[in-house]
A.B. asks: 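Take a look at the following structure, please.
Numbers here are sequence positions counted from 1.
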Amino acid sequence: MTAGSDAVQDLLPLVFAAPNEALTKAESVLRHRPEPLHASVAHQVIGIWQRDFGDMRLALRHLRRARDWAARAGSADREADVLATLGVALVHSGRTRQGLDALGRGVRRGTGHTRARVLFRRAYSWWVLGHHKEALEDVRRAVPVLRQAGDVIWTARALTLRATVHLALGSVERAEADFASAEDLWAVTDQEHDKADAVESRGLAAFRSGDVPAALRLLDEAEERYAKLGTPTFMLSIRRCEVLMAAGLAAEALAEADTAIAELDSIGGQSTRKAELLLAAARAARQADDPATATARAALAVRLFAGQRRAWWEAHARLVLIGARHAAGKRSGRLVRDAAAVAERLVELGAPAAPEAFLLAGRIALDLGRTTDAERHLAVAARSRRSGPPLARMTGWAAQALRARAAGSTRGVLEACRRGLDVLDDHRMTLGASELRARATAQGAELAALAALAQRAALRSGGPRRLLVWSERWRATALSAPPTRPPADPELLSHMTAYREIAARAEETRMEGRPVPALEREQRRLERAIRSRTLHMRGEAHGDDARFDVGRLLEQLGGGVRLVELAVVDGRVQVLLCGQGRVRRFEAGLLAAAEREAEHVQAGLRRLAHPGAQARLPVVEAAGRRLEELLLGPAAAHLGDGPVVIVPPGRLHRVPWALLPSLRERVVSVAPSASSWLRARETRPPWGGRQVLVRGPGLATGGEEVTRLAGRYGGATVLEHRDATVPRVLMELDGAGLAHIAAHGTFRTDGPMFSALRMADGPLIVHDFERLGRSPYRIILSCCDTARFATVGADELLGLVTALLPLGTAGVVACSAPVNDAAVVPLMLALHEGLAAGLPLPEALRDARAAMPDDALHRATGWAFTAFGAA
């Protein structure tokens with residue numbers, strides 16, 4: 001491109017359609033001694049590229065040269081346009097006063113159409129600074145002129161900006177209308193960067209309206225568009241952090257924010273974006289229960305926002321800083337005053353976060369015993385419970401619950417908690433992915449406080465039935481309805497097929513003793529792609545509208561079965577013993593002590609899985625006795641003689657219950673909640689009752705149990721060797737009456753939905769199981785670690801077993817520890833003998849343990865297996 005070409009003027013729109021191409025052409029213009037007007041355009045284009053995607057120092061250098069060349073050219077409109085671009089860059093670099101001054105001069109220098117464009121950019125700067133009223137006023141003045149001039153691109157930009165300002169002020173409907181109008185305009189342009197920005201903005205609007213899956217989908221689409229243009233995505237990272245936090249993925253949000261900060265620092269990027277990323281990181285750290293990191297990030301964000309004269313943002317950062325200090329244990333009158341001052345400032349600014357600040361001020365005041373101050377602040381926060389997005393309403397109900405507690409009204413506490421959890425349920429059921437449903441229960445300290453308040457109130461009232469109802473209200477809610485089935489998405493299915501192939505190749509390469517970094521990178525990439533598309537699913541199921549009914553539970557238990565639900569109140573285990581038409585409460589030990597003892601037991605079972613560890617048996621048995629004291633306490637003497645159902649909190653999911661002395665000779669099953677046990681008990685077996693036997697590769701025993709079981713079940717479908725592929729196994733499992741899978745199991749603490757059973761063509765993962773129309777009525781997983789779970793959210797579990805229970809499985813036998821493969825074979829054969837005799841899984845497992853040799857290896861193997869459900 002030569003300096004005299006008319007195409008020089010086209011570089012400005014090109015910088016947002018194809019940024020890197022525009023940069024190359026602008027640099028080419030400057031190499032050919034251009035005339036002043038063209039030199040001004042070229043320097044401006046380079047300045048815009050550096051401002052948005054590169055080094056702010058270079059951006060300012062080029063934009064000042066563009067301004068000087070515009071003055072030499074004698075064009076007032078050219079100079080006004082450059083002043084506007086320079087003003088935005090100065091604001092983004094933290095030089096707020098200089099930036100606004102340049103923008104003001106641009107407004108005064110420009111005329112007509114050019115002036116309207118300058119007004120738009122000043123409006124954008126007002127938005128960056130948090131001056132929303134001024135932003136709306138400048139956009140109001142700009143839009144009619146841009147429309148009259150037929151300027152499609154700048155009209156669309158102005159509408160997008162106005163929509164974004166409306167979102168910041170909580171006006172979702174107005175924002176959606178403007179986004180829709182802008183999208184119609186973008187459709188007729190080739191402005192690819194602006195189109196990507198429009199998709200990103202629609203994602204933000206979807207989030208503000210409460211549609212988290214749509215928000216994640218749109219933000220991912222925007223990221224793909226930006227990637228094709230090769231441009232950084234710092235604003236996208238900020239918005240994604242907000243959505244991830246609402247989905248309960250705070251740790252991921254913190255990692256994303258910190259990565260973006262490091263990248264921004266490496267290129268010398270916009271200080272305004274750095275401050276916003278620091279605020280996002282602080283919020284994420286606070287939600288992830290890391291007050292030290294939250295305090296550090298928020299304090300730095302406050303300093304940056306203050307230096308940039310961004311009062312809106314500074315107030316939000318101060319709110320997070322005060323919340324982090326409170327979470328770290330700080331309590332003082334000054335902290336109350338600071339929180340109240342931030343709340344009032346947020347009201348002045350029209351910020352939707354004001355109720356959150358009033359709630360914080362009220363909570364700190366309550367901690368200090370200042371009930372009058374607390375009531376004043378909480379009353380304001382509680383107003384948000386009636387309207388707005390789910391998180392705002394939950395904040396309001398949390399405030400109302402605290403008000404009731406301060407007034408000594410147990411009934412008021414319980415009602416506010418119930419209403420708040422109803423809001424959470426409505427929000428949770430919009431999420432299709434079971435992982436999001438589980439993690440969304442951890443919406444922050446407010447919801448945890450709701451549950452704790454309700455349980456304390458129930459405990460004080462002396463009614464064990466009430467405590468049982470509230471314990472059920474909060475536990476394993478993600479299992480209350482089946483997850484949305486993954487769609488027949490060709491791209492998702494392609495990712496899953498590729499994932500299996502890569503994982504299988506990586507496993508083979510490891511076994512050959514060769515490094516696999518490239519395969520592992522590709523495996524991680526495919527995992528991200530699978531998870532991303534799964535999280536996009538919107539909820540379809542509405543759950544069971546019927547509330548948990550204690551009377552129905554007691555009726556189903558009958559006279560012989562006891563259900564033991566373990567609730568935790570203020571760190572101590574409360575044993576709720578249900579049976580014989582009543583609920584009794586016993587107090588046991590500290591949860592933290594029980595968790596430590598459970599870890600010791602797991603270590604002992606791992607050791608006993610190897611021959612020659614007989615000396616460890618008394619140690620493990622002694623730990624079992626201590627666990628019984630901590631978890632059952634005096635309730636152990638009141639279990640009766642019949643079957644026992646254990647409903648533990650998520651943090652105790654690895655306890656081998658059959659090791660506890662009072663349960664060792666009993667029929668014992670475990671359920672994530674009493675509600676899930678009731679559903680399992682009422683689940684009817686499928687017609688026909690097909691049996692499916694699966695043998696995966698690489699088993700130490702060669703899968704001996706499957707060979708012997710095949711002879712017992714004459715008509716069973718046997719899948720082994722090359723037939724044991726994931727598609728074939730899934731096809732046969734769907735709707736089966738009984739399935740037995742002997743395969744290596746892997747539990748992924750870093751990604752529980754990728755926990756797997758090894759098949760001939762690669763891993764069968766949790767995401768695969770969720771594609772079943774109906775999982776087997778009974779399923780036996782005779783491999784290590786299949787009963788391990790990740791505890792997420794409030795009291796939720798993610799793992800293989802919890803994937804099966806909502807899909808129609810009424811009973812599962814699985815293992816919570818590494819076991820000796822050879823010792824598993826006789827245990828499984830004895831288990832199937834019991835099933836053939838018509839016994840349910842828990843009773844068949846009890847009898848199978850009793851039939852084993854009385855040595856440490858076989859006893860530890862029996863203890864490691866647990867029956868889940870009721871079939």
A.B. asks: Are Gln556 and Leu553 side-chain neighbours, meaning at least one heavy-atom pair lies under 4.5 Å?
C.D. replies: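 No; the side chains remain at least 4.5 Å from each other.
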A.B. asks: Which atom pairs, donor and acceptor, lie under 3.5 Å between side-chain atoms of residues 813-820 and protein residues at least two apart or in another chain?
C.D. replies:
| unit_1 | atom_1 | unit_2 | atom_2 | d |
| --- | --- | --- | --- | --- |
| Asn820 | OD1 | Ala822 | N | 3.0 |
| Asn820 | OD1 | Ala823 | N | 3.0 |
| Asn820 | ND2 | Ala609 | O | 3.1 |

A.B. asks: For Val550, enumerate each residue passing the side-chain contact (heavy atoms from CB on, under 4.5 Å) test, keeping only those at least two apart in sequence or located in another chain.
C.D. replies: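 side-chain contact (heavy atoms from CB on, under 4.5 Å) check on Val550 returns Arg465, Leu468, Val469, Phe548, Leu554, Val583.
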A.B. asks: Please lay out, stage by stage, how Val644 and Val667 fare under the test side-chain contact (heavy atoms from CB on, under 4.5 Å).
C.D. replies: CA-CA 6 Å; Val644 175; Val667 176; over 6 Å; no
A.B. asks: If I take atom CG from residue Asp768 and atom CE from residue Met759, how far apart are they, to the nearest 0.5 angstrom?
C.D. replies: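 Answer for the CG-CE pair, Asp768 versus Met759, is 10.0 Å.
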A.B. asks: Heavy atoms, side chains only, cut-off 4.5 Å: are Phe769 and Leu764 in contact?
C.D. replies: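 Heavy-atom side-chain distance check passes, below 4.5 Å.
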A.B. asks: Using the salt bridge (charged side-chain N to carboxylate O under 4.0 Å, His left out) criterion, which residues pair with Asp422? Sequence neighbours excluded.
C.D. replies: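 Testing Asp422 for salt bridge (charged side-chain N to carboxylate O under 4.0 Å, His left out), a comparison that skips the adjacent residues, returns Arg418, Arg473, Arg547.
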A.B. asks: Does any pair with a residue in residues 807-835 pass salt bridge (Lys or Arg N to Asp or Glu O under 4.0 Å), and if so which ones, sequence neighbours excluded?
C.D. replies: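 Sorted result for residues 807-835: Arg712-Glu833.
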A.B. asks: Please enumerate all residues that pass salt bridge (charged side-chain N to carboxylate O under 4.0 Å, His left out) together with Glu595, with sequence neighbours excluded.
C.D. replies: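 If we apply the salt bridge (charged side-chain N to carboxylate O under 4.0 Å, His left out) test to Glu595, skipping adjacent residues, the hits are Arg651.
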A.B. asks: Got a second to check how far Cys578's SG is from Leu557's CG, nearest 0.5 Å?
C.D. replies: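 Here the rounded value is 6.5 Å.
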A.B. asks: Are Gln574 and Leu467 side-chain neighbours, meaning at least one heavy-atom pair lies under 4.5 Å?
C.D. replies: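 Touching, per the 4.5 Å side-chain cut-off.
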A.B. asks: Just grab all the ring pair (Phe, Tyr, Trp, His ring centres under 6.0 Å) pairs involving residues 619-676, residues at least two apart or on different chains.
C.D. replies: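 Sorted pair list: Phe586-His638, His653-Phe789.
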A.B. asks: Below 4.5 Å, heavy atoms only, C-beta onward: do Pro672 and Phe868 meet side chain to side chain?
C.D. replies: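 No, every pair of side-chain atoms sits at 4.5 Å or beyond.
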A.B. asks: Among pairs that include at least one residue of residues 847-861, which meet salt bridge (Lys or Arg N to Asp or Glu O under 4.0 Å), considering only residues two or more places apart or in two chains?
C.D. replies: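 As it turns out, the salt bridge (Lys or Arg N to Asp or Glu O under 4.0 Å) pairs with a partner in residues 847-861, which skip direct neighbours, are Glu621-Arg859, Asp854-Arg859.
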A.B. asks: Looking at every heavy atom in both Thr861 and Val824, which two are closest together, and how far apart are they?
C.D. replies: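 Distance-wise, the nearest heavy atoms are CG2-CG2, 3.9 Å.
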A.B. asks: Less than 4.5 Å apart, side chain to side chain, heavy atoms only: is that true for Leu631 and Val564?
C.D. replies: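 SC-SC contact between Leu631 and Val564 ruled out.
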A.B. asks: Can you tell me how far apart CG (Leu841) and CG (Leu831) are? Round to the nearest 0.5 Å.
C.D. replies: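 Those atoms lie 6.0 Å apart.
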A.B. asks: Under the side-chain hydrogen bond (donor to acceptor under 3.5 Å, both in side chains) rule, collect the residues that match up with Gln602, sequence neighbours excluded.
C.D. replies: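 Once residues adjacent in sequence are excluded, the partners of Gln602 under the side-chain hydrogen bond (donor to acceptor under 3.5 Å, both in side chains) criterion are Arg654.
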A.B. asks: Hey, what do you get for CG (Leu857) to CD (Gln614), rounding to the nearest 0.5 Å?
C.D. replies: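 CD of Gln614 is found 9.5 Å from CG of Leu857.
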A.B. asks: Can you pull out every ring pair (Phe, Tyr, Trp, His ring centres under 6.0 Å) where at least one residue sits in residues 832-864? Sequence neighbours excluded, please.
C.D. replies: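 Residue pairs with at least one partner in residues 832-864: Tyr713-His832, His740-His832.
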A.B. asks: Determine which pairs satisfy salt bridge (Lys or Arg N to Asp or Glu O under 4.0 Å) with at least one residue from residues 741-755, sequence neighbours left out, and list them in order.
C.D. replies: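 Those involving residues 741-755 are Glu527-Arg748, Arg748-Asp750.
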A.B. asks: Would you call Arg552 and Glu682 a salt bridge, using N to O less than 4.0 angstrom?
C.D. replies: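 Yes, Arg552 and Glu682 are salt-bridged.
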A.B. asks: Considering residues at least two apart in sequence or located in another chain, which fulfil the salt bridge (charged side-chain N to carboxylate O under 4.0 Å, His left out) criterion with Asp641?
C.D. replies: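 With neighbours one apart ignored, the set is empty.
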A.B. asks: Regarding Arg510 and Glu507, does a basic nitrogen lie under 4.0 Å from an acidic carboxylate oxygen?
C.D. replies: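 Judged by the 4.0 Å cut-off on N to carboxylate O distance, Arg510 and Glu507 do form a salt bridge.
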A.B. asks: Between Gln580 and Arg584, which heavy-atom pair has the shortest distance, and what is it?
C.D. replies: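 Gln580 and Arg584 have their closest heavy atoms at OE1-NH2, 4.4 Å.
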A.B. asks: Just how far is it from atom CG of Leu659 to atom CD of Glu628, taken to the nearest 0.5 Å?
C.D. replies: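 If we round to the nearest 0.5 Å, Leu659:CG and Glu628:CD are 9.5 Å apart.
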A.B. asks: For a 4.5 angstrom cut-off between non-hydrogen side-chain atoms, does Leu605 reach Pro656?
C.D. replies: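 When only atoms from C-beta onward are counted, Pro656 and Leu605 do touch, with a gap below 4.5 Å.
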A.B. asks: Can you give each donor-acceptor pair under 3.5 Å made by side-chain atoms of residues 685-696, sequence neighbours left out, with the distance rounded to 0.1 Å?
C.D. replies:
| unit_1 | atom_1 | unit_2 | atom_2 | d |
| --- | --- | --- | --- | --- |
| Arg690 | NH1 | Glu732 | O | 3.0 |
| Arg690 | NH2 | Glu732 | O | 3.3 |
| Arg690 | NH2 | Asp734 | O | 2.8 |
| Gln691 | NE2 | Gly689 | O | 3.3 |
| Arg695 | NE | Glu720 | OE1 | 3.0 |
| Arg695 | NH1 | Gly702 | O | 2.6 |
| Arg695 | NH1 | Thr707 | OG1 | 3.1 |
| Arg695 | NH2 | Glu720 | OE1 | 2.4 |
| Arg695 | NH2 | His721 | NE2 | 3.2 |

A.B. asks: Ignoring hydrogens, what is the shortest heavy-atom contact between Leu757 and Ala743? Give both atom names and the distance.
C.D. replies: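 Answer, listing the atom of Leu757 first, then Ala743: CB-CB, 4.4 Å.
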A.B. asks: For the atom pair CD1 (Ile741) and CD1 (Ile780), what is the distance rounded to the nearest 0.5 Å?
C.D. replies: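 Going from the CD1 atom of Ile741 to the CD1 atom of Ile780 covers 10.5 Å.
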A.B. asks: Might you point out which heavy atoms bring Ala742 and Val706 nearest each other, and give the distance in Å?
C.D. replies: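 Looking at all heavy atoms of both residues, the closest pair is CB-CG2, 3.8 Å.
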